[in-house]
There are 2 protein chains.
Amino acid sequence: MTGGPSADNGPESGDSETQWPVTLAGVSETVVTTLGPNERWNVAALGVHAPDGDGPATATTWGRTRTWRNFRERGSGYVQFTRDPVDFAEAALSVREEDDPVIDSADAWVTVDVERRDSGNEGDTQWVEWALNPVDSTVERRVVPTTNRGHAAVVEATVAASRLDVPSYDRETLLDRLAYFESVVETAGGERERAAFERVCDLVDADW
Amino acid sequence: MTGGPSADNGPESGDSETQWPVTLAGVSETVVTTLGPNERWNVAALGVHAPDGDGPATATTWGRTRTWRNFRERGSGYVQFTRDPVDFAEAALSVREEDDPVIDSADAWVTVDVERRDSGNEGDTQWVEWALNPVDSTVERRVVPTTNRGHAAVVEATVAASRLDVPSYDRETLLDRLAYFESVVETAGGERERAAFERVCDLVDADW
């Protein structure tokens with residue numbers, strides 16, 4: 001179903017039991033696809049927290065999102081590592097559904113079984129922390145990574161944009177941040193970062 | 001002198017004349033080492049602008065920095081791609097000199113001949129734009145890249161910090177930004193991002 005090279009057990013992980021094809025540290029911003037009740041794959045952003053000691057990697061869903069629903073109903077998903085800022089922005093801010101679970105820009109993906117680990121409330125929002133147990137992983141390509149401030153600015157813009165309707169955040173501060181990140185994309189972004197920021201502007205009902 | 005695997009002509013570039021081992025788009029934040037008059041290698045940050053059409057990649061130095069001096073006197077340097085935020089922060093904000101031109105964390109490096117291409121003034125600061133002509137490149141490792149907001153926040157913090165003494169920037173805005181990026185490192189960074197932010201705090205004479 002996924003195509004590409006065969007599974008890679010992640011020489012960087014140093015642990016034969018884990019199959020993450022990357023070094024997880026802190027929170028890695030990924031794209032996750034989960035199978036919905038319509039048998040289509042919902043594409044969303046997911047922050048993957050590195051394992052704490054011997055524990056599993058984890059991720060938290062906030063509210064009754066599609067990812068939350070599909071994790072609960074299906075107990076699995078595809079965690080994907082992509083450098084493409086357009087795919088990331090759409091995953092973070094739009095409802096996107098695909099016939100295939102793997103997006104074209106994924107450098108690697110991991111099928112995970114997920115298990116509810118903890119839950120709670122923050123304000124009116126219920127959060128659920130999920131343990132992510134890698135089942136299989138595929139590496140499509142390995143490259144020399146580069147650092148582009150425009151790419152990071154797109155990611156930060158999606159974070160700010162997704163908080164605009166959350167009462168505990170100050171809207172003016174978020175809009176100032178969006179303006180700053182737009183300027184960073186203009187200064188340092190490439191073509192894909194500019195396209196991604198246009199998507200952010202299309203998807204967010206606000207002016208800055 | 002550099003060790004590691006032999007030169008790689010960059011299958012991603014699609015141009016046999018160029019030897020960048022990465023896809024350059026927009027501005028890539030790199031670490032550059034240049035040989036000083038004391039025969040030691042100065043380690044600094046350098047934003048590499050992707051070629052515009054058939055032109056070369058370029059980078060701009062601002063003011064009479066060591067990189068500017070060494071580019072002018074030596075006409076060359078080592079452009080390095082590293083994921084390590086501590087090395088990046090030190091390159092950006094401190095004076096660091098090494099006996100060897102290649103830093104340990106470099107995933108790849110490119111020896112470049114540099115040529116003054118343009119220059120001008122912004123405020124009291126003279127800038128020089130340099131053409132970077134790759135001579136040889138070495139890839140130490142290729143990996144599946146990950147996106148970490150904490151890493152990006154360290155990079156942004158070095159940018160804000162380096163502007164604190166520039167009169168055309170509003171200091172309070174920069175300090176607010178530094179506080180925000182510190183919170184991002186706390187939320188999303190791994191161990192290296194936390195260490196890098198501590199270095200930023202050590203190296204910057206300001207409180208936020």
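From a predicted model like this one, the values you see are computed outputs, not experimental measurements. By convention in this document, chain letters (A, B, ...) are assigned in the order of the sequence lines, proteins followed by strands, and residues within each chain are numbered from 1.
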Rounded to the nearest 0.5 Å, what's the gap from NE2 on B:His49 to OG1 on A:Thr187? Could you check? 9.0 Å
Qualifying residues under side chain to side chain contact (heavy atoms under 4.5 Å, CB included), relative to B:Thr146, sequence neighbours excluded: A:Val22, A:Ser28, A:Phe81
What part of A:Thr173 lies closer than 4.5 angstrom to a heavy atom of chain B: side chain, backbone, both or neither? neither
Heavy-atom pair count under 4.5 Å with chain B, highest-scoring of A:Glu193, A:Arg177, A:Glu191, A:Arg194: A:Arg177
A:Glu156 to B:Val184 - nearest heavy-atom pair and separation: OE2-CG1, 4.0 Å
Can you confirm whether more than 12 heavy atoms, excluding those of B:Glu115, are under 6.0 Å from its CD atom? no
Do the side chain of B:Asn148 and the main chain of A:Val27 share a donor and acceptor less than 3.5 angstrom apart? yes
Report which part of A:Thr82 has an atom under 4.5 Å of a heavy atom belonging to chain B: side chain, backbone, both, or neither. backbone
For A:Asn121, does the CG atom sit with more than 12 other heavy atoms under 6.0 Å from it, leaving out its own atoms? yes
Using heavy-atom distances under 4.5 Å, tell me whether A:Phe88 contacts chain B through its side chain, its backbone, both, or neither. neither
Side chain / backbone / both / neither for A:Val48 at chain B, heavy atoms under 4.5 Å: neither
So for atom CG, which belongs to B:Asp205, do other residues, nucleotides or ligands contribute more than 12 heavy atoms lying within a distance under 6.0 Å? no
On a heavy-atom basis, which atom in B:Val144 and which in A:Arg141 lie closest, and how many Å separate them? CG2-O, 3.9 Å
Considering all heavy atoms, the nearest A:Val155-B:Arg149 contact: CG1-CG, 3.9 Å
Looking at OG1 of A:Thr147 and CZ of B:Arg83, how far apart are the two atoms once the value is rounded to the nearest 0.5 Å? 9.5 Å
Quick check on B:Asp124: does its CG atom have over 12 non-hydrogen neighbours (other residues, nucleotides or ligands) under 6.0 Å away? no
What one should report as the nearest heavy-atom pair of A:Pro145 and B:Asp107 is CD-OD2, 3.7 Å
More than 12 heavy atoms of other residues, nucleotides or ligands under 6.0 Å from CZ of B:Arg74: yes or no? yes
